[in-house]
Amino acid sequence: MRVPRSVPRPGPPSRPRFSRRSKIIAGLILVVLLAAILSLRGTARMWTDYLWFDSLGHGDVWTEILVYKIILSVIFIVLFFLLMYSNLAIADRLAPSTRPPGPEEDLLRHYHDAVGHRRRLVSVVIAILFALIVGGGTGGEWQKAMLFFNSVDFGIEDPQFNEDIGFYVFQLPFIQFLISWVFRALIIVAVITAIAHYVNGGIRVQTTGQRVTPQVKVHLSVLLALIALVRAVGYYYDRYGLNFSSRGPVDGASFTDVNAQLPALNLLLLISVLSAVLLVINIWQRGWVLPVTAVGLWIVVAIVMGAIYPAIIQRFRAEPEESKKEAVYIERNIEATRDALGLDNVITRPFSPDTQITVEELSGNESVRNIRLLDPDIVPNAFQVEQSERTFYTFGSEVDVDRYVIDDEITEVVIGARQLNVADVPQQSWEGRHVQYTHGYGVAVAPVNSVTTQGSPDFVVGDVPVVASDEFQMDRPQLYIGENLTGYAIVGASIPEVDYTEANETVPFEYDGEAGVGIGSFFRQSAFALRFGDINPLISGFVDGDSRIIFNRDLRLRVQNLAPFLELDADPYPVVSDGRVFYIVDAYTTSDRYPYGQRPDVGDLPLESGLRKRFNYVRNSVKVVVDAFDGTTTFYVIDPDDPIIQAWRKIFPGLFEDFEEMPLDLKNHLRYPEDLFRVQTSMWARYFIDDPETFYANSVTWAVAQDPGTRITARTFVDELTEAIAAEETATAAATRQLERRIRPFYQLLQLPGEDDLDFVIFRTFVPVSGSGDDEDERKELTAFMAAKSDVAEDGSLGEYGQLVVYTVPGTSIPGPSIVDAKIQADTQIADAFTQLNQQGSTVLQGNLLMIPVGDSLLFVRPVYVQATGETELPQVKQVIAGVGNDDDFVLVIRPTLDEALAALSDPDGLSVFPSQPATPEPDDAEPAPEPTAVPSVPDDTPIDEDTRQALSELISELRTTQDSLDEDRRRLDGLIEELESLLDSAGG
């Protein structure tokens with residue numbers, strides 16, 4: 001008999017490993033931990049920010065900004081809490097003792113059963129929640145609040161309301177913020193209060209009896225009356241906003257604004273007050289007739305008088321006679337715009353250039369001696385190839401133009417800082433990126449008027465370690481602060497930094513400056529580990545009691561953190577002074593609240609510019625100097641008359657220094673800022689006109705000259721096609737009202753017409769405007785040019801710094817830059833030269849086209865570069881184009897050197913030699929310099945007729961066709977060889 005197997009009993013059902021309650025608790029713990037970590041990280045960031053400010057001597061700036069933010073937030077949070085809680089408490093007190101039965105009460109019964117005995121707690125929670133939402137973000141208005149309480153008079157009144165400009169710039173923005181906040185807060189409180197009355201039974205919709213109790217009607221009427229009064233105050237201050245209207249042909253209160261919109265606002269103000277009175281009277285009245293009447297009247301007047309009536313006046317009174325009706329307002333706009341944008345003291349001079357240039361004008365002319373052969377848009381590649389020394393150094397995408405005394409003569413130079421390239425340091429470990437490779441090294445400087453025999457920059461400062469003349473000796477070439485420098489560096493660690501490498505050996509360096517924040521304690525190491533999300537500062541054995549951490553190394557970020565109320569120029573530049581490298585950053589004060597000031601078009605500005613924003617007032621009030629070695633950041637006030645900077649100095653007296661405190665050597669390297677000059681030239685193109693009728697007619701308006709650009713002569717048809725497609729896409733994407741891009745300003749060392757001294761100026765040209773739309777860019781003749789001076793006086797005072805000078809060119813015979821560029825591209829002699837330069841493996845680059853006043857003439861110069869294609873792109877100057885004349889008789893020459901080009905231009909016999917280009921001595925052991933590239937040109941004394949020129953052109957065309965054919969045959973032959981080799985390999989296999 002088979003023994004039956006025992007059948008196991010089913011056990012109790014398995015319990016889940018974690019109960020639902022355990023999961024909820026675990027989730028809550030995780031949320032709390034995450035919140036604690038984020039809170040700790042935020043606290044660590046705040047503390048380390050303060051330590052950074054304090055290390056620069058400006059801890060009070062951080063503290064004062066924080067205090068303002070906290071006070072504003074607390075005030076508005078408390079105000080809203082009191083407003084909300086008091087009204088909810090009143091709603092609870094006014095609740096009927098018995099709620100009317102009905103379907104609405106059935107829905108609310110569960111709510112009352114749950115929280116009926118906790119009404120006060122619910123009111124507190126609701127009030128706190130909304131107070132945090134509505135009042136919590138008001139700390140972001142700290143700048144408006146600071147300026148409101150520290151306002152300064154401009155000493156100028158607006159022509160419409162006779163208020164000082166300071167009222168609009170400092171007080172009106174904060175007042176309008178307050179009105180807007182109170183209006184919004186009252187509406188929220190009224191809505192929540194009405195809901196509370198509904199919940200409490202004071203309001204019922206689905207009932208045949210009394211829908212609103214008298215007590216509730218009184219409460220809501222008072223709230224609505226307060227809203228009406230606040231709106232009345234808003235209308236009162238909205239009147240001042242008309243000074244910034246854009247309704248008319250220019251910004252500012254126009255004919256319609258003054259004669260229609262302003263009366264409408266005054267009427268709306270009265271209607272708002274009347275509505276408030278009716279709402280208060282409604283307290284003693286039955287029903288809602290008065291409130292509905294008040295609100296209805298308000299809405300009708302707002303629509304009819306606030307929108308329809310001004311539109312009618314604009315269409316049927318202003319537009320038919322716009323030039324006459326708007327004349328007085330255009331005059332106001334011209335005066336205000338000139339003052340607000342610093343165009344009120346422009347000097348205008350006539351200049352009638354000769355169509356020829358003489359040997360006497362060129363010989364010994366300081367402008368000629370400083371003609372720029374090194375284009376700052378092209379030579380960065382040369383700096384990178386010849387001076388970067390190691391892959392972990394970089395010169396960035398551009399170099400800067402400045403002037404220095406070289407061999408006892410003031411000379412224009414291009415200068416670039418050899419910055420650290422963190423991404424390419426040879427050791428990419430944490431130690432390598434943050435402890436060993438911590439800084440850049442020195443600068444490279446080359447005169448703009450001199451090149452080597454190969455056409456490369458003739459560096460007077462360069463190499464690692466730095467090789468320089470006495471004028472450029474550097475005791476501290478290490479650069480811990482720079483442009484676009486990210487991350488952090490730890491100095492004073494227990495191991496030395498890498499200063500540079502020489503002869504395959506590493507030269508160590510121990511930092512002895514004051515930059516950075518001490519990181520010796522455990523708490524500070526922990527704080528910075530949290531800030532950067534990197535535990536290494538906490539656990540690394542290299543960090544000891546003497547270590548310091550340098551962060552915020554990007555100089556623009558450094559300046560912006562210290563003074564967030566200033567806007568920065570897009571182009572900081574390095575200066576060698578007192579044995580070390582400094583950066584100078586131009587900082588602006590701006591406002592969009594200058595009455596009748598025209599807002600400029602900022603599309604011409606670089607993306608990095610702080611002026612790419614809405615404004616109609618600007619001053620370059622501050623020059624910021626940043627020491628690249630120890631990080632010291634000093635704010636020098638260069639325009640103490642600017643009321644906005646006066647206000648900020650009242651707020652942060654320890655942040656700013658007087659201009660007199662700046663060292664004279666740094667003053668001698670100040671530049672008029674490019675972004676401001678772009679704005680001013682773009683606006684002056686129209687605002688040079690004084691007469692309102694002429695201004696309105698727009699008949700003699702200028703435009704900044706079209707940009708001839710930096711041209712690339714492509715080596716192959718494929719390159720040309722690719723670039724043409726890219727150019728077409730760029731042109732389509734950038735299409736604006738101005739069809740062609742405007743020429744950028746150039747820094748040049750010039751002797752301006754009618755002046756004896758050499759000035760370092762920024763320079764831009766103008767052409768006439770005729771028509772609009774597609775016809776706007778038809779006129780390209782030169783009509784004027786503007787220069788802004790950058791040199792201070794010998795005693796260190798501002799002197800003529802910032803003086804704007806405009807030279808007007810009568811007639812239309814002098815070609816503008818675009819016309820000269822077109823003549824260059826069409827010149828057969830220049831085309832032949834480009835053919836010779838465009839050899840296999842090279843590309844021709846045409847540099848910026850410079851216009852230089854020389855004596856009574858205007859000289860056009862363009863350097864021509866040859867750049868090898870491939871990984872190493874080294875542009876070298878091989879030819880120079882020079883031209884002079886008018887549109888009918890314009891002479892162009894191209895020669896291997898500037899001296900030869902000027903000689904050919906002014907002396908057809910070629911007998912003159914000009915000392916404009918310092919010769920570069922070659923070392924005794926140097927290899928003989930190669931012969932300059934030959935230019936296929938006929939000697940100057942040999943006449944060439946049109947038939948011969950045509951024959952030569954046809955010959956060149958045939959030679960090019962033959963060359964293309966040979967290239968095609970060579971490619972086919974290479975393909976045939978490859979096929980035969982492949983066949984041989986397969987047969988052998």
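Just so it is clear, the values below take in all heavy atoms, side chains as well, and ignore hydrogens, waters and symmetry mates.
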Stepwise side chain to side chain contact (heavy atoms under 4.5 Å, CB included) test for Leu343 and Leu804: CA-CA 8 Å; Leu343 297 170; Leu804 299 175; 3.9 Å; yes
Rounded to the nearest 0.5 Å, what separation is found between the [atom1] atom of [X] and the [atom2] atom of [Y]?
X: Tyr236; Y: Ile179; atom1: OH; atom2: CD1; result: 10.5 Å
X: Ile175; Y: Leu172; atom1: CD1; atom2: CG; result: 6.0 Å
X: Asp586; Y: Ile638; atom1: CG; atom2: CD1; result: 8.0 Å

With distance as the sole test, does [X] use its side chain to make a donor-acceptor pair with the main-chain N or O of [Y] at under 3.5 Å?
X: Asp339; Y: Glu335; result: no
X: Asp158; Y: Glu163; result: yes
X: Arg619; Y: Ile645; result: no
X: Asn243; Y: Gly252; result: no
X: Ser682; Y: Arg678; result: yes
X: Glu567; Y: Arg612; result: no
X: Arg239; Y: Leu265; result: no
X: Gln560; Y: Leu566; result: yes
X: Trp142; Y: Ile71; result: no
X: Asn333; Y: Asp251; result: yes

Least distance between heavy atoms, [X] atom then [Y] atom:
X: Ile283; Y: Ser221; result: CG1-CB, 4.3 Å
X: Trp284; Y: Val280; result: CZ3-O, 3.3 Å
X: Val806; Y: Trp684; result: CG2-NE1, 3.5 Å
X: Tyr329; Y: Asn259; result: OH-ND2, 3.8 Å
X: Asp153; Y: Asp164; result: CA-OD2, 3.4 Å
X: Asp92; Y: Ser123; result: OD2-OG, 3.4 Å

Could [X] and [Y] be called an ion pair, given the rule that one side-chain N must be under 4.0 Å from one carboxylate O?
X: Arg742; Y: Asp604; answer: no
X: Arg332; Y: Asp257; answer: no
X: Arg231; Y: Asp238; answer: yes

Is it the case that the side chains of [Y] and [X] hold a donor-acceptor pair, with the cut-off being a distance below 3.5 Å and no angle test?
X: Glu322; Y: Tyr696; value: yes
X: Asp639; Y: Asn620; value: no
X: Gln680; Y: Tyr672; value: yes
X: Asn616; Y: Tyr596; value: no
X: Arg247; Y: Thr256; value: no
X: Gln598; Y: Arg686; value: no

From the options Val152, Ile644, Thr589, select the one residue that forms a side-chain contact (heavy atoms from CB on, under 4.5 Å) with Val169. Ile644
Given salt bridge (Lys or Arg N to Asp or Glu O under 4.0 Å), test Arg338 with Asp690 step by step and report yes or no. CA-CA 11 Å; Arg338 287 182 177 182; Asp690 295 307; 2.7 Å; yes
Do the side chains of Ile308 and Ile303 get nearer than 4.5 Å, heavy atoms only? yes
Side chains of Trp702 and Val767: closer than 4.5 Å at any heavy-atom pair? no
Glu157/Ile165 under side chain to side chain contact (heavy atoms under 4.5 Å, CB included): CA gap, chis, key distance, verdict: CA-CA 6 Å; Glu157 293 183 351; Ile165 305 299; over 6 Å; no
When the ring centroid of [X] is compared with that of [Y], is the distance short of 6.0 Å?
X: Phe149; Y: Tyr68; answer: no
X: Tyr617; Y: Phe154; answer: yes
X: Tyr687; Y: Phe695; answer: yes
X: Tyr240; Y: Phe167; answer: yes

ring-ring contact (aromatic ring centres under 6.0 Å, His included) between Phe652 and Phe565: does it pass, once the steps are laid out? CA-CA 11 Å; Phe652 304 115; Phe565 44 83; 5.5 Å; yes
Atom CD of Glu319 with >12 non-hydrogen neighbours under 6.0 angstrom: yes
If you count every heavy atom of other residues, nucleotides or ligands that lies below 6.0 Å from Lys650 atom NZ, does the total exceed 12? yes
For the pair Phe148 and Phe177, evaluate ring-ring contact (aromatic ring centres under 6.0 Å, His included) and give the outcome as yes or no after the intermediate values. CA-CA 11 Å; Phe148 177 82; Phe177 157 72; over 10 Å; no
Output, in order, the C-alpha distance, side-chain angles, deciding distance and verdict of side chain to side chain contact (heavy atoms under 4.5 Å, CB included) for Val273 and Tyr235. CA-CA 11 Å; Val273 174; Tyr235 284 131; over 6 Å; no
Show your reasoning for whether side chain to side chain contact (heavy atoms under 4.5 Å, CB included) applies to Trp298 and Leu274. CA-CA 9 Å; Trp298 190 359; Leu274 177 61; over 6 Å; no
